[in-house]
Amino acid sequence: MKSIYKLSGINRNPAVTVALRSSSASTFTCSIHRRAFTSSAAALSAVKIQSPSRGFKTDSTTNQALSGSTTSFASSLHSDPLFSTSFDRSKQSSSSPSSTSPPSSTTSYMPGLNTTSWSSPHDSINRHQFLKDYSHLWTLLEACLESGNFERAEHVLISFSEHSDSKDLTMAVNNYLLRLSELNSKDSNVSQTWLRNISRKIPKFSPDTITRAIILKNKCLHYDYEESKIASYIRQYSTDILKHVDVLGIDMIAKIVKVCDIPLSDIDPQFRSLVQAVLEIPKESNVDASVDTTSDATSAPNATTEPTKQASEAKADKDLTTQREQQEAINTKLASFDIDSIKSLSKPGVENLNAVDSFGLKAIQHTLSGFASNSEQFNGVLDKIIPFASEKNVNNTNYIDFYKMVQQMESPESKATLEEKEKFYEAFESYNIARQKTIERRGLEGANLKWKHSHEQMRQAGALALKPLEALLWEWNLAMQPLLEQEFARIKEVVKYTTTRKAKDAHKKAVAAAAASASSATSKKTAEDDLLEFVEGENEDIDLSISDRFEYGPYLLLVNSQKLGILTILEILKLVSTGGIQEGMRTARAVLSVGKAVEMEYKIAKASKREKDIFGGLSPESLSDQSSVSALHDKIKESNLSNQVSWPSSIRAKVGSLLISLLIHVAKVPVTGKDPVTGDVVTGKAPAFFHSYQYQGGNRVGVLKVHNFLSKYISGDTPSNFLQPQLLPMLVKPRPWKSWRSGGYIYSTSSIMRVKDAPEQIAYLRAASDNGDLEQVYEGLNVLGDTAWTINTPIFKVVSKVWNTGKEFLEIPNEPGPLQAPQAPPRDADPQVRRSWLRECRKIHNEHTAKYSQRCDTNYKLEIARAYLGERFYLPHNMDFRGRAYPLSPHLNHLGNDLSRSLLMFWEGRRLGESGLRWLKIHTANVFGYDKFSFEEREQFIDEHMGDVFDSAEHPLDGEGWWQQGTDPWQTLAACMELTNAMSLSNPEDYISHLPVHQDGTCNGLQHYAALGGDIEGARQVNLVPSERPQDVYSKVLEIVQRYVNADAEEGHPLAELLKDKLARKVVKQTVMTTVYGVTFIGARAQIASQLKDKEGIDETQVYECSVYLTRKVFLAVRSLFEGAHLIQDWLGDSAAKIAKSVRLDIDTPSRRNGNRPDFMSSVIWTTPLGLPIVQPYREQKRLQVATRLQSVQLVDPYALRGVNARKQKTAFPPNYVHSLDASHMLLSAAECGRQNLQFASVHDSYWTHAADIDKMNVILRNAFINLHEVDLIAQLKNEFDQRYGGMLEYAEIPRHSVIAQRIIKARQDLAAIYRAREEEEEQQSWTDAPKRGRKKKAKKSASSTNLTVAEEIAIERERIDLLSSPEPEDVARGQSMVTPLSIVESLEPEELDALIKEANSTKKQRSVKSKTSSFIKSTEHSGSGYDKQASAAAAAEEDIDLLDDVEEDIIDEVMGDEESGATTKKTPKLDSLASAKSSTSVGVFIRLKVDAVPPKGTFDVKELRKSKYFFS
Amino acid sequence: MSVGITPSIVEASFRKSFGRRSILNYNLSVSAIRKMKLAEYYKDNVTIIDAYPGNGIWSAALHNEIKPANHVLLEPLVGAQKFLKQFIDPSKNTLKLWPEDPFRWATYENIVTEKVITPIVHPRTEINPHLLFTCNLSTIQGEQLCVQFLNCVMNRNWIQKYGRVRMLLWIRYSTLVKLLATPGSKRRGRVSVQTEACSDTRLIIDNKMADLTLDKQKYEPLEVMTKPNDIFPTKAPIALIQVDPLEADIEQLDYFEYVIRTLFILKTRPLKEGLAILGPGALDDMGPSLRPLLNKKPADMTLEEFFLVTKAFGAWPFKPEILHDFYAESDYSLHATSVSNSSGRT
DNA sequence: TGACTCTCTACCGACAATATCGGTATGACGCCA
DNA sequence: ATGCGTCATACCGATATAAGTCCTAGAGACTTT
């Protein structure tokens, strides 16, 4: 019986444990608890026979290679074909899972192999049983290989092989082999021998052509391309081997082709041109100037041949030098294209921002601008091209203004020839590729050199000088080195054993030996001992640190100690004052960030190195055939082990915590303090960081605090200096999206979808990606990524001027001074005083923190903007899980606030033309806030304010400041400048405009709702229906609310009278907006309260009741105005609730908390019109505590199988669905804009393009919307739901008096009898079987009960279904003979059942309406009562005790009654009771899930909006 | 609530507790009060502040035994007010019902300003014989209030500004073990040290069915509730404690609070680990002066030992200046609204 | 055979509580037949 | 070789932590004699 209550799918897997931790080294048995009943009850026991492959103790397979350990994996429980239909989009049904998916291990959808389906068996999107360990092993394998730990890697490989699919396995083996052959390039026998051995050890493994290619490569190197050895091998396996460019590299293929005389036609046509390019290059000139120079640092720095410290430092020096060389080389290249001087022509007066001049962004700026200042010799050609060049301002320009350069080159006056231009662009492009790569591989060593320089300068200046921060940082990094080396040594000591046990034993022996020798030689305490003591901690922790090192060791070894030190310091300083911690940060965040940085560093270096390996002497950016290059890039990324999976967060945390603990230990700052006793000033050195804890509302939080000496150095302007350069805007077009993980940056891998700790989302995404369903999505996103941007320099100048004043201005926060807490009250002050003091402190602290983080954020934006002045850049995009697009690069992007948006403009310019000029004016009016009027009026408005516009543009800070009154002031300023520039031309229409002009949907969510429901009235309100003037939803709602309030005021309602003159659009706006998101009454009330708070004439004490009153009115108004939308919203919500609360028959899902009830396991999943599958990620989270060096850290375990959060699933579905539609609309529009060669950007429901192209875009977006909504999306959704969830059960009620109900009750009794009998029998058995085994406590049931619990009934239903689907006719017959509630219900016609449910529901509703008058809408009608109650309560408090007499009797009685009943007993959740919980007149029953009928669609024809001017405006 | 109506209130309050846990056994209450010798100590001009009287049994016993000049019942629950009113003789002025919530500090000011009570300040040389405080803290929030009352004892504010006011508190068992845990106990924590530091606290009425890990030697109850119907709800054990504030000051109170709060975070780790999180470099600087304690666990340390640590901390030149940490809620709506507003601008 | 208590309160994007204890499962190991 | 008992350990879930509770409202989930 107990098996029912076990989640059979999540048994721990010992074999994996071995590989990960190897806490043990011998035999394991993995037992799977039996799911089937073992009872003798005839009808039920059949299950046992029916599924012989399930529920047995798996045989142990011995594996000698694993030091005698036996590994086994639980067999799949649910591999029935029944549950393995394919995932399909309901509209274009059925497509089988692709067989060409790239190997990956994060997710797996291999039906039948240790998997179960996630949310629905309908889709063959399955969850690997050991998903977590699987991905951990994957990363561990790589780490072991990189660090040259082959023994353990093989260990891992074997564990991995037990439960991986063959493709993943082959890839894993290949990676092993590749690495092995790399380190034994002079002897191909090593790898061949190993391959033979592993094939024997892992019979499942089958080599593929990649395997052959690796061997071939090894042979080539071994025998130095000896024709006889190579040619025969190729002949043996066909020239298919040669298609693996990503293994062999282009150079090698070229050589092979040459040596073996293979025709070029045998080479993969995709890469033929590359090979050809190599063949054509004469040998000597084959020097690549741009490829990675730090690559040797990346190749397993801590492998057996690890560079010494000096070497690595020297190398760092070298790196910088080579970097310079490289830059010069590029300069030469640029020069060779006849543009000898790219000396900046940029404007004077771009002021430097006040910032710490050090690393991070500065380094990036250096990279970007690095070679602008060199040599005068470049003056010449450019001067000829650009007449203005003589006016160039030489001083103060530290960057190249490519923007201006191009503008001038392209201007009509330019004398540049077409050929010159072409050459310029070509040079520009390859220059950008080179720079982009350099940025992505950040120069960590470069940062260190700067620190060192600063340190030396400080030395020269003398000890009295205050140390600059950089000097300090250099010291810290220096001090960390020996500790890191020590740690490396210890790790190597540990990881050379394959199990922790061996390591521990060895350690014990060593200690014993040391003790023996120590007794003779008196131990002298050295500095090293101190180190040792620190690193090792207490003796009792040694075991712990051994197993710890065993886990994180391989990962830490991947990056050299110099880099580790630097990145730790950078990360930590970046995080100061985050997480609401004053002068510190949360430990959890710190350790994870550092760990992630290590991972990033390693992966990017690895990718960069691989690129070099593969391209060999070719310079990818200078090749003409860029499509081949990018195809090869993709191939490289795909085959790279590390691109597949992220490190487990536990590993990140452990790696990070180790580094931080070292930093804490060495980082010191000078301090002075006063001795409390003597009063003397004491000086000393104190740790710069220290680890402690804080309490947050009763919760303990680990924090890392910085010494306040250090915090003096750090202001809001500091963190941008530590910014990670990996995610900045790109200088070249992003790699286009080609699969779910391929696209975006050059080296770092990003996923096309941002997922929330939900492998299920990835699984679905991957399936769709592999299936080729996402082409439209890719196309749209690629258009967004291909939009070229540049910084709006004039705006930047204004902003930086304001910034440097340090004062608050518009969205720019001021420089917050030190936090000033109010004086604490004396201890014996009244608690009230203390409380309000605390509250005040908290408030000030909050404000300070907010201000600080805002200042940081703005600083980030400005620093990035400054770095990219004059550059052309791109913003790679991905999506949230609904499909909405976001730029990958944070901080500065067009989704940011007004300021960010104003700093950006299109790189490309387009002539305004008549329509463009008009739209530019309208846009100016829009951003100013004058957007509720007709286009003509808006245009006129700007014409009337043209003086203000000119003044704003010409005197932004010293003029009238008209722009500052705008809703979006900075964008207004940008528009003013653009307009001014245009108007200054004799013909403004000739102006080449770069400003993005917006078209915004009016309440886009409601627009989609109206279209979905065909709701004419709603459509009219949101401008779907053509109209002469734009409709304003908020004003309309306000109007209705005003009517209600006036009516109440007439009747003398006091609140209505108070409020009737105080209503404003602003009061209702937010609530109307959030209605779409399903805001609750209380949430809306809070919004309204905050609006009312500042209103004149409303007393503070009245705000609350006013807000309650008003919120009711607003809700009523919204509902009346958007009846259709609400019907759809409700339907979506109800459907989601049904799905989220459905019970699955295909898997066993008992509740963790209450074994009597199943957990709900099905997420709401749907497919957008573009084919993107969307999975709502809301499940209960399992949290793990991971012990790290500093403290234990709590992480979510994304792999845990947990029930859904039904409530969240329900409330979030309507907005998510609508957002998935608006995302589809956007992507469709984007794709079409791309096809029509428009520059396009979007902020969800705000679409941007050039002013001149607005007319075109307006047509495109309207057509896209129509296309989207022409089909009945809701009907389609229902259809999809029916298919996906049709097999599940939902709870329903039918009238108790019905015949069916009676039959069900009877059946339940019968089943219970059988069940109890069998249960007893099993109990007996289990006592004799294993008397010591405690029974699962999950299954709490009252022994005497004759009723079935819900879980039990579900188990029985499941048995029946299983039997019916059995291949054995005997089983099927048995299943047919079973009488269960479900079988009874299913014997009904659907209509009959519907009728019964309807009947039960109606009686229930009647009852509940009678008993409750709680609907807020209803109570609005008597809203006076609340007021009265409040008043009397207040009075009661004030008046004398005697007043108690006045308390009404009925209230008392009520309370007393409650008290009485509180003492009465409670009840068990028996199914029968579940039925009667709501009403004794009905019976609860599980039926097949069926979503409700779709609400009838209205008559609005979406095509009408083609004519609607203000649909988007 | 005169003696004459005792049977009626006992009967009437049977299985009533108004959402709290209360004693039902009147006689046992009386017996405990007598063993405490309350009537002997509180003789003259006695005021009882009686918070959350609920079903009134305990209040009746106190009232009848001590016969105070002024007994004010702080009862915010309307149902309980109504119930209690039946037993209050309006003609007498000794027993009053005040409907404000004892949870609110203002209540205690209001009863003074409204002249419901007129507290007499008594020198700290002895327990204030004119003012007795009792409170039923058996709810889930009761524990919070209890800790705060103890804070007030330490800070000498709230009613403790009238001198050393004895408090008779009904608390849950879970609270009890936190307050009275002795060194070495699993439950030893910050509150137990604080309680020990600022008060002489005794267990007065115990509950038989709870098997708690208390030092029974040290905390011998005066009475024990044995029968199921002694309390209500039956299976929800509570206990009565007597808290007598101490006369002596706690040295360096701020430091003491910080030290115990911080050290108990790692309460079963050796003290040296705890010291390390007191401040940057704390272990290096303070370790030498506390060498004998370094390997002791905070959970095993005595009050005196905590005083030693406090002293060392106070003498440490580099101790942190700010001992109370604030944290910011992640409620930066400033930025968020500016973003969302601009997409749907006005 | 209900009722009481507790929770949560707008979508997304960003993120993230920890120390300790006790029970249970599991494995190592020894012992003995 | 197998089996059994005992001990150690890993894992998992539960609980405490702090100490004003956040002025109210109402629906829904959850629990448990």
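Just the heavy atoms: all of them, side chains too, but no hydrogens, waters or symmetry mates, feed the values below. Residue numbers start from 1 in every chain, and the chains themselves are labelled A, B, ... in the order their sequence lines are given, proteins ahead of strands.
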When you compare [N] with [M], how far apart are their [atom1] atoms, in angstrom units rounded to a whole number?
N: dA19(C); M: dA18(D); atom1: P; result: 14 Å
N: dG2(C); M: dA29(D); atom1: C1'; result: 15 Å
N: dC11(D); M: dA10(C); atom1: C1'; result: 38 Å
N: dC11(C); M: dT21(D); atom1: P; result: 25 Å
N: dA25(D); M: dA14(C); atom1: P; result: 37 Å
N: dC8(C); M: dA17(C); atom1: P; result: 14 Å
N: dC12(C); M: dG26(D); atom1: C1'; result: 26 Å
N: dT32(D); M: dA16(D); atom1: P; result: 15 Å

Rounded to the nearest Å, what distance is computed from the [atom1] atom of residue [X] to the [atom2] atom of nucleotide [N]?
X: Ile1088(A); N: dT9(C); atom1: CD1; atom2: C1'; answer: 15 Å
X: Trp837(A); N: dG20(D); atom1: CH2; atom2: P; answer: 11 Å
X: Gln854(A); N: dA14(C); atom1: CD; atom2: C1'; answer: 15 Å
X: Arg882(A); N: dC12(C); atom1: CZ; atom2: P; answer: 6 Å
X: Arg1202(A); N: dC12(D); atom1: CZ; atom2: P; answer: 10 Å
X: Met879(A); N: dC11(C); atom1: CE; atom2: P; answer: 21 Å
X: Asn878(A); N: dA14(C); atom1: CG; atom2: C1'; answer: 13 Å
X: Tyr1291(A); N: dG28(D); atom1: OH; atom2: P; answer: 15 Å

Checklist entry - Ignoring hydrogens and angles, does a donor from either the side chain of Arg835(A) or the base of dG20(D) sit under 3.5 Å from an acceptor on the other? => result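 Such a pair exists between side chain and base.
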Next on the checklist: Under 3.5 Å, is there any donor-acceptor pair linking the side chain of Gln1191(A) to the base of dA19(C)?
Outcome noted: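 Per atom types, no contact qualifies.
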Have a look at [X] and say if it touches a base, only the backbone sugar-phosphate, or nothing, with a 4.0 Å heavy-atom cut-off.
X: Ile265(B); result: sugar-phosphate
X: Leu266(B); result: sugar-phosphate
X: Gln141(B); result: base
X: Lys297(B); result: nothing
X: Gln194(B); result: nothing
X: Val1108(A); result: nothing
X: Thr1080(A); result: sugar-phosphate
X: Phe881(A); result: sugar-phosphate

Is the shortest side-chain N/O distance from [X] to OP1 or OP2 of [N] below 4.0 Å?
X: Tyr886(A); N: dC12(C); answer: no
X: Lys267(B); N: dA16(D); answer: no
X: Gln144(B); N: dT21(D); answer: yes
X: Arg1207(A); N: dT7(C); answer: no
X: Arg187(B); N: dC21(C); answer: no
X: Gln148(B); N: dG20(D); answer: yes
X: Tyr695(A); N: dA18(D); answer: yes
X: Lys1208(A); N: dC12(C); answer: yes
X: Arg190(B); N: dT17(D); answer: no
X: Tyr1178(A); N: dC12(C); answer: yes
X: Lys186(B); N: dA16(D); answer: no

Item to check | Sole candidate of His877(A), His1244(A), His894(A) that passes ring pair (Phe, Tyr, Trp, His ring centres under 6.0 Å) when paired with Tyr886(A) | outcome: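 The passing option is His1244(A).
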Next on the checklist: Would you say Gln1181(A) and Asn1205(A) are linked by a side-chain donor-acceptor pair, where the criterion is simply a distance under 3.5 Å?
Outcome noted: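 Per modelled atom types, Asn1205(A) and Gln1181(A) side chains form no pair under 3.5 Å.
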Check whether any side-chain heavy atom of [X] lies under 4.5 Å from a side-chain heavy atom of [Y], and answer yes or no.
X: Pro890(A); Y: Tyr860(A); value: no
X: Arg652(A); Y: Val591(A); value: no
X: His1008(A); Y: Tyr1217(A); value: no

Checklist entry - Does Phe103(B) lie flat on the base of dT21(D), that is, centres under 5.5 Å apart and planes under 30° off? => result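 Yes; centroid distance and tilt both under limits.
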Checklist entry - Do we see Phe1081(A) stacking on the base of dA25(D), given a limit of 5.5 Å between centres and 30° between planes? => result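 No, aromatic ring not over the base.
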Next on the checklist: Nearest to the Pro1215(A) side chain among dA19(D), dC11(C), dT20(C), which nucleotide is it?
Outcome noted: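 Selected nucleotide (nearest to the side chain): dC11(C).
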Checklist entry - Which listed nucleotide (dA16(C), dC12(D), dC22(D)) is nearest to the side chain of Lys1182(A)? => result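 For the Lys1182(A) side chain, the nearest candidate turns out to be dC12(D).
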Item to check | Closest-nucleotide ordering on DNA chain C, the 5'-leading residue of Leu1190(A) and Ala1084(A) | outcome: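 Taking each residue's closest nucleotide, the earlier one in sequence belongs to Ala1084(A).
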Checklist entry - In terms of the nearest nucleotide of DNA chain C, which residue is placed more toward the 5' end: Arg586(A) or Asn1216(A)? => result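 Nearest nucleotide further toward 5': that of Asn1216(A).
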Checklist entry - How about Tyr695(A) and His324(B): are their ring centres within less than 6.0 Å of each other? => result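 No; His324(B) has its ring centre 6.0 Å or more from that of Tyr695(A).
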Checklist entry - Would the Phe881(A) and His1219(A) ring centres measure less than 6.0 Å apart? => result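 No; His1219(A) has its ring centre 6.0 Å or more from that of Phe881(A).
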Item to check | Stepwise side-chain hydrogen bond (donor to acceptor under 3.5 Å, both in side chains) test for Asp325(B) and Gln696(A) | outcome: CA-CA 9 Å; Asp325(B) 285 307; Gln696(A) 294 193 355; over 6 Å; no
Checklist entry - Of Ile1082(A) and Trp105(B), whose closest DNA chain D nucleotide lies nearer the 5' terminus? => result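 That would be Trp105(B).
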Checklist entry - For DNA chain D, whose closest nucleotide is more 5', that of Arg1085(A) or that of Asn699(A)? => result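 The residue whose closest nucleotide sits nearer the 5' end is Asn699(A).
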Checklist entry - When you look for runs of 3 or more Watson-Crick or G-U pairs in a row, both distances below 3.5 Å, which of them include DNA chain D? => result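 In DNA chain D, stems of three or more pairs: C:5-9 with D:25-29, C:17-31 with D:3-17.
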Checklist entry - To the nearest 0.5 Å, how far apart are CZ in Arg1183(A) and CG in Asp1197(A)? => result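 The CG atom of Asp1197(A) is 11.5 Å from CZ of Arg1183(A), to the nearest 0.5 Å.
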Checklist entry - Are there more than 12 heavy atoms of other residues, nucleotides or ligands under 6.0 Å from atom CZ of Arg104(B)? => result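 No - once you tally the heavy atoms of other residues, nucleotides and ligands closer than 6.0 Å, there are 12 at most.
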Checklist entry - Do the side chain of Ser1192(A) and the main chain of Val1186(A) share a donor and acceptor less than 3.5 angstrom apart? => result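 Flag not set: sc Ser1192(A) to bb Val1186(A) has no pair under 3.5 Å.
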Next on the checklist: I need the minimum non-hydrogen distance between Ala106(B) and Gln832(A), along with the two atoms involved.
Outcome noted: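 Nearest heavy atoms, Ala106(B) then Gln832(A): CB-OE1, 3.6 Å.
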